[in-house]
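So the structure is just underneath, and the comments pick up after that.
All values below come from the heavy atoms of this structure, side chains included, with hydrogens, waters and symmetry mates left out.
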Amino acid sequence: MVKRLVTKARLRAMAPWAALSVLFVATSVVVGLFAFVNDSERVTIGAHAAVVSPTFDGHATVDLGAVLPRFRLASSDPLGIGVYIDVQETDAANLTDLINRDALIAAQPEGEIARIQQTVQEMAVDDALAGAGTGFLVVVLVATLWTMIGVRRRRELWHLVHRHERRVEHRAIVVLVAMLITIASIFGPGRMRRVEAPATQWISLAQLLPQLDLDDQLKGVEVAAGFSTTGGVGVIKTAVETYQRSTQFYGQLKDKVNGVKRQIHQPGKDEKVAIQVNDRHDNIGMDPVAAEIAKAAGAKLLIDAGDDTSSGQEWEMFSVNSLRQHFKDFKVVAVAGNHDAGGHVEAAYRKSGFTVLDSKPVEVDGIRFLGDSDPTKTGLGSADQPGDETVDHQSKRLADIACDQPSDKRIATFVVHDPSSFADTASRGCATLLLSGHLHHQVGPETKVVDGRPVTTYTNGTTGGAAYAFALGYTLRRPGEVTLITYLKGEPVGLQTVTAELTGDITVGAYTPLSS
């Protein structure tokens, strides 16, 4: 009997805590879900500004506006979470330019997909925290009121409930409605988005374009039926053909890497391999090819010598997103080029977890680096504009930093975009290997002995096959080049180029040992 009384007393003591826990969980879940389904985020996707909103329809739906049709692709999320992407303004000069950009980006969508997934995940975390915060606040308020009312008053209210049950029910409903209105005022109406009409009918691309042989990815794409689709079939066909040419050309290049793997130098014991890319100029088509070459060489470090974009605009961050996605398991050391000026590119580097060289010696993967982004600003088709310093001044300033290092902390790898920026360091012999890009053709490697130490300068050609500032296209305009750099105990010991030719072949240069 005593045990039962003790048990009942414990249950009565625990009941308020259990009730508060249930209240916290329920409030957190309801508010968090309400916030999530009504959330949205403005992002840049390819050549567009866009608003991304989460959905639960199991599809990624892209709304291109009134002229072009909407299309969607089934989401791979096991919970059925999808996204609605409202594509808005663009800086493309004309419709043809816009379609070509979008089609070519779609040919290598991994970077943009990862960016959207990250955006949705960030929204989910923020909304979950908002829900938990609201749940905690409600629990505190309820617990405070419960304590303030006291035991005696609660008993009186309990008896009042039984006496005036219907009146209390009405009051409870009023209080509940008031709470819901308060919550809605916090999370809307500014965050509420227009819900898509349920009458939308979808047809597959295969039905819309029966004359084209579509790959598996395109077969999963559906297009909204209606006037826009009928009037835009020619536009869609052009985009699909551009996409197909791009995926075919770069897909074949990637497949051919395996055929030349035996020609690629393999690291020995205690050796590490880095891959250098530069002057991609928005050509994300080469990224899976470069990543396949890195895989064949056993590389784990990426050295990016700049000009990933053509004008450093925010819409070009798809280029950095693509690089991050294809080299997601790599440590990355990067500098921005003259076409990356404006701050967007370096910010994207840092957000992607890259180590951005900024005139301070830093050790990455056991290799001591020094470098800096290019001081010159160059837009797409515009003349060079001076930045905070000239290239000559940067060269002298970086040389002073490199030469001021103690002998046991000598700079192993010096990275800049313009080879003119490493001229003084090379002539003074204060770094072992000096890397650059900018020229769009290979120069070196050239080794000289300065004060008894070998100094090698090397300029890698354009990885993006850029003849000019803009290289995005379904084929190469120049050979696309990467360089494999072998390190032993943190010191460079060899270089080897691998080139994607205009003919669609992969050629491997001879392995060049470096003097030690």
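- Applying the salt bridge (Lys or Arg N to Asp or Glu O under 4.0 Å) test to pairs two or more places apart or on separate chains, those with a residue in residues 414-430 are D400-R428.
- Side chain to side chain, S319 and D308 fail the donor-acceptor criterion of an N or O pair below 3.5 Å.
- N278 and T463 form no side-chain donor-acceptor contact under 3.5 Å, judged by distance and modelled atom types alone.
- With rounding to the nearest 0.5 Å, the separation of CG in L476 from CD in E501 is 9.0 Å.
- Under the salt bridge (Lys or Arg N to Asp or Glu O under 4.0 Å) criterion, the residue pairs touching residues 439-456 are E446-K448, with sequence neighbours excluded.
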Exercise. For N460 and L435, what are the C-alpha separation, side-chain angles and deciding distance, and is it a side-chain contact (heavy atoms from CB on, under 4.5 Å)?
Worked result: CA-CA 8 Å; N460 182 66; L435 303 174; over 6 Å; no
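- F369 meets the ring-ring contact (aromatic ring centres under 6.0 Å, His included) test with no other residue; sequence neighbours excluded.
- Of all the heavy atoms in V450 and A426, the pair that sits closest is CG2-O, 4.0 Å.
- Summarising the geometry of R410 relative to A431, their closest heavy-atom pair is NH2-O, 3.1 Å, with the distance given to 0.1 Å.
- For the pair D505 and K256, the salt-bridge criterion is met [side-chain N within less than 4.0 Å of a carboxylate O].
- A pairwise comparison of heavy atoms in I411 and C430 identifies CB-O, 4.0 Å as the closest pair.
- Not a single donor-acceptor pair under 3.5 Å links the side chain of E346 to the backbone N or O of H344.
- Partner of L434 under the side chain to side chain contact (heavy atoms under 4.5 Å, CB included) criterion, chosen from L370, V415, V455, T456: V455.
- Here the NZ-OG distance, from K396 to S421, works out to 11.0 Å after rounding to the nearest 0.5 Å.
- V443 is not listed as a side-chain neighbour of P419, based on a closest heavy-atom distance of 4.5 Å or more.
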For this session: Test L484 against Y511 for side-chain contact (heavy atoms from CB on, under 4.5 Å), laying out the working first.
Result: CA-CA 9 Å; L484 301 168; Y511 177 77; over 6 Å; no
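- Remark: the E271 side chain and the T486 side chain contain no N/O donor-acceptor pair separated by less than 3.5 Å.
- Applying the salt bridge (Lys or Arg N to Asp or Glu O under 4.0 Å) test to K269 and every residue at least two apart in sequence or in another chain returns nothing.
- When each of I275, T499, L302, V289 is checked for a side chain to side chain contact (heavy atoms under 4.5 Å, CB included) with V482, only I275 meets the rule.
- Residues T432 and P454 form no side-chain contact, since every pair of their non-hydrogen atoms from C-beta on lies 4.5 Å or further apart.
- Of the possible polar contacts, none joining the Q263 side chain to the G509 backbone as a donor-acceptor pair under 3.5 Å is found.
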For this session: In sequence, state the C-alpha distance, the side-chain angles, and the governing distance for Y487 and L433, and then conclude on side-chain contact (heavy atoms from CB on, under 4.5 Å).
Result: CA-CA 11 Å; Y487 289 88; L433 175 63; 4.3 Å; yes
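- Comment: D365 does not engage K300 in a salt bridge, judged by the lack of any side-chain N to carboxylate O separation of less than 4.0 angstrom.
- Considering only heavy atoms from C-beta on, Y458 stays 4.5 Å or farther from L514 through its side chain.
- D307 CG to D374 CG: the interatomic distance, rounded to the nearest 0.5 Å, is 7.5 Å.
- Going from atom OH of Y349 over to atom OG1 of T355 covers 12.5 Å, rounded to the nearest 0.5 Å.
- For the pair Q496 (side chain) and H265 (backbone), a donor-acceptor distance under 3.5 Å is present.
- Remark: N321 CG to E316 CD distance equals 12.0 Å, nearest 0.5 Å.
- Counting only heavy atoms from C-beta outward, the side chains of F354 and R324 approach each other to under 4.5 Å.
- Partners of R397 by salt bridge (Lys or Arg N to Asp or Glu O under 4.0 Å), not counting sequence neighbours, listed by chain and number: D372, E389.
- F414 and F422 have perpendicular rings, their planes meeting at more than 60° on a 0 to 90° scale where under 30° would count as parallel.
- Checking H441, H440, H339 one by one against D279, the side chain to side chain donor-acceptor pair (under 3.5 Å) holds for a single residue, H440.
- How far CG of L301 is from CD of Q276: 11.0 Å, rounded to the nearest 0.5 Å.
- Counting heavy-atom neighbours within 6.0 Å of D255 CG, excluding the residue itself, gives a total above 12.
- Using a 4.5 Å heavy-atom threshold, the side chains of I264 and Q266 count as touching.
- Residues D392 and T390 bring no donor and acceptor atom of their side chains to less than 3.5 Å of each other.
- Checked against ring-ring contact (aromatic ring centres under 6.0 Å, His included), H417 has the following partners two or more places apart in sequence or in another chain: H438.
- Look at R280 and D287 and you find a salt bridge, because one of the NZ, NE, NH1 or NH2 atoms lies within 4.0 Å of a carboxylate O, short of that distance.
- Under the 3.5 Å distance criterion, with hydrogens and angles disregarded, a donor-acceptor pair is assigned to the side chains of T378 and N338.
- Counting all heavy atoms, side chain and backbone alike, Q442 lies closest to P445 at NE2-CD, 4.3 Å.
- In plain terms, the two heavy atoms of S436 and A305 that are nearest each other are C-CB, 4.2 Å.
- Considering only heavy atoms from C-beta on, V345 comes within 4.5 Å of M317 through its side chain.
- Of the candidates L357, D340, V335, V335 is the only one forming a side chain to side chain contact (heavy atoms under 4.5 Å, CB included) with S373.
- Pairing each heavy atom of I401 with each of S359, the nearest pair is CD1-O, 3.4 Å.
- Side-chain contact check for T497 and E481: no donor-acceptor pair (N or O, by modelled atom type) lies under 3.5 Å.
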